[in-house]
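All ligand and atom numbering here is 1-based and tracks the order in the structure. Count residues from 1 along the sequence. All heavy atoms count here, side chains included; hydrogens, waters and symmetry mates do not.
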Amino acid sequence: MEHTTLLLIKPNATAKNKIGEIIKMVEDHGFVIDRLKIFRFDTELGRQFYAIHAEKPFFSRLIDFMTSGKTVAVVVHRDNAVAFLRKLVGNTDHTQAAPGTIRHLYGESITMNAVHASDSPENAVREIGLIFPEESK
Ligand code: CMP
């Protein structure tokens, strides 16, 4: 079934000028880009976006990193988009990510893992609503 998901290109990847290469990988895998923007997370949006991880030991490190520079948010669709994008993104830990995945290529640590991809269609709707509040009303 065709549906929509969200990719974030995180500050370590934008700082290394990898936006174009990552978007090309996504387009080359059959995803169609519907919305795209570049912005910087503030602490409040970061805490809302990652609320599910609020109690985790890595939470403050994650928020510090996500607010440290520019993020690119890309809304994409294709059939089975959530599962396909997570496969293309690879394991959270770049040292465990399969060769050819985005995190294998561009991840630098578990926190600085280059990209985020929504883990379910429901979370994609929630996350897209947070990042693109005007268009989601
Ligand atoms: P992401 O897919 O954006 O979702 C949560 C993020 O928390 C994850 O990618 C990593 O950037 C970050 N993170 C940091 N430490 C860990 C950890 N030990 N386990 C999972 N995620 C972590």
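- Here the two rings, on H29 and F84, have centers that are 6.0 Å apart or farther.
- The pair E44-R47 fails the salt-bridge criterion, with no side-chain N (NZ, NE, NH1 or NH2) lying under 4.0 Å from an Asp/Glu carboxylate O.
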Evaluate K18 against E21 for salt bridge (charged side-chain N to carboxylate O under 4.0 Å, His left out), listing each step before the verdict. CA-CA 5 Å; K18 300 304 180 190; E21 288 176 30; 3.6 Å; yes
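- For the pair K37 and F39, the cation-pi criterion (under 6.0 Å, within 45° of the ring axis) is fulfilled.
- Protein residues are said to neighbour a ligand when one of their heavy atoms lies under 4.0 Å from it; for ligand 1 these are K10, Y50, H53, F58, L62, T92, R103, I110, T111, N113, H116.
- R86 contributes atom CZ, which lies 12.5 Å from atom OG1 of T101 (distance to the nearest 0.5 angstrom).
- Residues forming a ring-ring contact (aromatic ring centres under 6.0 Å, His included) with H116 (at least two apart in sequence, or on another chain): F49, Y50.
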